[in-house]
There are 2 protein chains.
Amino acid sequence: MTASSSRARRTDALSNRARILAVAGDAFAASSNTSMTTIAKQAGVGVGTLYRHFPTREALIVELYHHEIQKVIDLAHTLAAELPPLDALRRWFEEVAHYGKLKYGFSEVIHAATNGGLDDKNYEPFVRAIAVLLDAGAASGDLKRDLDAEDVLLQLSVLWRIPPGEDAATRATRLLNLILDGLRARPAPPPGSPG
Amino acid sequence: MTASSSRARRTDALSNRARILAVAGDAFAASSNTSMTTIAKQAGVGVGTLYRHFPTREALIVELYHHEIQKVIDLAHTLAAELPPLDALRRWFEEVAHYGKLKYGFSEVIHAATNGGLDDKNYEPFVRAIAVLLDAGAASGDLKRDLDAEDVLLQLSVLWRIPPGEDAATRATRLLNLILDGLRARPAPPPGSPG
DNA sequence: AGAAGTACCGGAAGGGCTTCCGCTTAATTT
DNA sequence: AAATTAAGCGGAAGCCCTTCCGGTACTTCT
């Protein structure tokens, strides 16, 4: 059922693409700001070819971490099914913060999507994963009911903008708690409290 | 008491600096991503001169909006003194969001500071302004007691990363509410509630 | 006024991202 | 097997930010 309109992709194009991904994986692992030119050179192709396959630096990165991103997205669904809503949310946030620190594919997805680039292919599943977690919390009454998944995603993006340093982990935890508390349903104030 | 070590600044340097600032003000107002080269050209100086006066693009922007930034910082102190803590905080956040949208000097300050650039000259007053607001809230019991001003600043930075669009204002408000709820002191859960 | 000293200027140059387009060559047709 | 066609290639070129340094021209001293 694959819509192969006219011709199949050329084999050299295929192998180039694969080689670029392999090289880029190593390159970014070594230094996260390796230049496109360098990657092209190492892969033995011209910049033009690199850009034909990945129209943007961010596109390349997103493609690279595609699998890891998918794993995290899947995790959201698993957690939502297996844990109490609040725990699920917290666990997932922690996972996101962790990955965001190590690799930084997430950060790129958010940034690209947030800044109008990138089609929804990568962004939307992320949003839906959050929505699942939020829905579970809304159903159980632990979370507010009118939460917007994109809002939450935006808040999460703060987690990987924490400047690196020895207290980074502590800050991440603190911020995570603040975010979570913001999402939690507020108990009604006791009657007769000062207005 | 000014430490004028050897000589006074040259008059051409002074006038160049002033002209650059004037030109840059207009240029950024017209298009926030005007290039340094363009600004230099419009100011009738070489890029080298531009960079001698403002070692970085962000430095130029920060200097440009210095006054506005100071105004917002002052406002924090005023509000803290005049309004109930929660109202003061909300009002101030709204102001920050507003300015951040219009100009974007703030965004640059945060970004620069967050990414290790920029000395504290611009960053610290911002943090202290927040601290004042937080302290007032802690004293009145409306806010949590152990809040970190830098954490809150980081959260605020989300406000000016909202993608522009017709619903931007709505989203800003929603996010602002989430952030505020995260900062508010949580009433103790009623005794006997499910753990 | 003239000379000396140096703060400051200007723009070439290096490195980055991305676009463009003439040429190559794999895939397909005859 | 030769011819045809267009997918794909490569790298020059445009624009950006920033650095560097030889030359200029304010200031100051005599």
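A, B, ... follow the sequence lines: proteins, then strands. Residue 1 opens every chain. Every heavy atom of this structure was used, including side-chain atoms; hydrogens, water molecules and symmetry mates were not. Bear in mind that the values here come from a model prediction, so they are computed numbers and not experimental data.
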A.B. asks: Produce a footprint string for nucleotides 11-16 of chain D: one letter per nucleotide, 5' end first; B if the base is under 4.0 Å from any protein heavy atom, S if only the sugar-phosphate is, - if neither.
C.D. replies: BB---S

A.B. asks: Whole angstrom is fine here: how far is it from CD1 in A:I39 over to P in C:dG16?
C.D. replies: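 It works out to 11 Å between those atoms.
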
A.B. asks: Testing the 3.5 Å rule here: is there a donor-acceptor pair between the side chains of B:T170 and B:T173?
C.D. replies: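 Side-chain D/A pair, B:T170 to B:T173: absent.
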
A.B. asks: What verdict does the salt bridge (charged side-chain N to carboxylate O under 4.0 Å, His left out) test give for A:D142 and A:R184, after you've listed the backbone C-alpha separation in whole Å, the side-chain angles of each residue and the deciding distance to 0.1 Å?
C.D. replies: CA-CA 6 Å; A:D142 290 315; A:R184 287 168 69 178; over 6 Å; no

A.B. asks: Under a 4.5 Å cut-off applied to non-hydrogen side-chain atoms, are A:L134 and A:K144 in contact?
C.D. replies: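 A:L134 does not reach A:K144 side chain to side chain.
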
A.B. asks: Could you tell me the separation between the OH atom of B:Y51 and the C1' atom of C:dG14, rounded to a whole number of Å?
C.D. replies: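 For the pair B:Y51 OH and C:dG14 C1', the rounded distance is 14 Å.
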
A.B. asks: For B:R174, look at atom CZ and say whether over 12 heavy atoms of other residues, nucleotides or ligands are found less than 6.0 Å away.
C.D. replies: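 Above 12, so yes.
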
A.B. asks: Going from CG on B:L83 to OG1 on B:T78, what distance comes out if it is rounded to the nearest 0.5 angstrom?
C.D. replies: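 Reported value, rounded in 0.5 Å steps: 10.5 Å.
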
A.B. asks: Roughly how far, to the nearest 0.5 Å, is CD of B:Q155 from CG of A:L154?
C.D. replies: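 That separation rounds to 11.5 Å.
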
A.B. asks: Identify each atom pair where a protein N or O and an N or O of nucleotides 26-30 of chain D are less than 3.5 Å apart, giving names and distance.
C.D. replies:
from, atom 1, to, atom 2, distance (Å)
D:dT27, OP1, B:T11, N, 2.7
D:dT27, OP1, B:T11, OG1, 2.7

A.B. asks: What is the distance from CD1 of B:I61 to P of D:dC17, rounded to the nearest Å?
C.D. replies: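 Atom CD1 in B:I61 sits about 10 Å away from atom P in D:dC17.
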
A.B. asks: For D:dT18, does OP1 or OP2 lie under 4.0 Å from any side-chain N or O of B:T56?
C.D. replies: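 For D:dT18, OP1 or OP2 has a side-chain N or O of B:T56 closer than 4.0 Å.
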
A.B. asks: Is a salt bridge present between B:E124 and B:R128, judged by a nitrogen-to-oxygen distance below 4.0 Å?
C.D. replies: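 Counted as a salt bridge, because a side-chain N and a carboxylate O are separated by less than 4.0 Å.
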
A.B. asks: Measure from NZ on A:K41 to P on D:dC9 and round the result to the nearest Å.
C.D. replies: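 Roughly 18 Å, once rounded to whole Å.
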
A.B. asks: At less than 4.0 Å, is any side-chain N or O atom of A:H53 found next to OP1 or OP2 of D:dG8? Yes or no.
C.D. replies: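 So the side-chain polar atoms of A:H53 never come under 4.0 Å of the phosphate oxygens OP1 or OP2 of D:dG8.
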
A.B. asks: Could you go step by step and tell me if B:R171 and A:D148 meet the salt bridge (charged side-chain N to carboxylate O under 4.0 Å, His left out) rule?
C.D. replies: CA-CA 9 Å; B:R171 277 190 88 179; A:D148 181 298; 5.1 Å; no

A.B. asks: Do you see a donor-acceptor pair shorter than 3.5 Å between the side chains of A:R52 and A:N16?
C.D. replies: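 There is no such pair between these side chains.
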
A.B. asks: With rounding to the nearest 0.5 angstrom, report the CG to CG distance, B:L147 to B:L133.
C.D. replies: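 Interatomic distance, B:L147 CG to B:L133 CG, rounded to 0.5 Å: 11.5 Å.
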
A.B. asks: Would you mind reporting whether B:L156 and B:W92 have side-chain heavy atoms less than 4.5 Å apart?
C.D. replies: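 Yes, side chains in contact.
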
A.B. asks: In whole Å, I'd like the distance from the CZ atom of B:R52 to the C1' atom of D:dC20.
C.D. replies: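 Rounded to the whole Å, the gap is 11 Å.
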
A.B. asks: Identify, residue by residue, the members of residues 13-21 of chain A with a heavy atom below 4.0 Å from DNA chain D, and return them in order of residue number, or none.
C.D. replies: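 Nucleic-acid contacts, sorted: A:A13, A:N16.
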
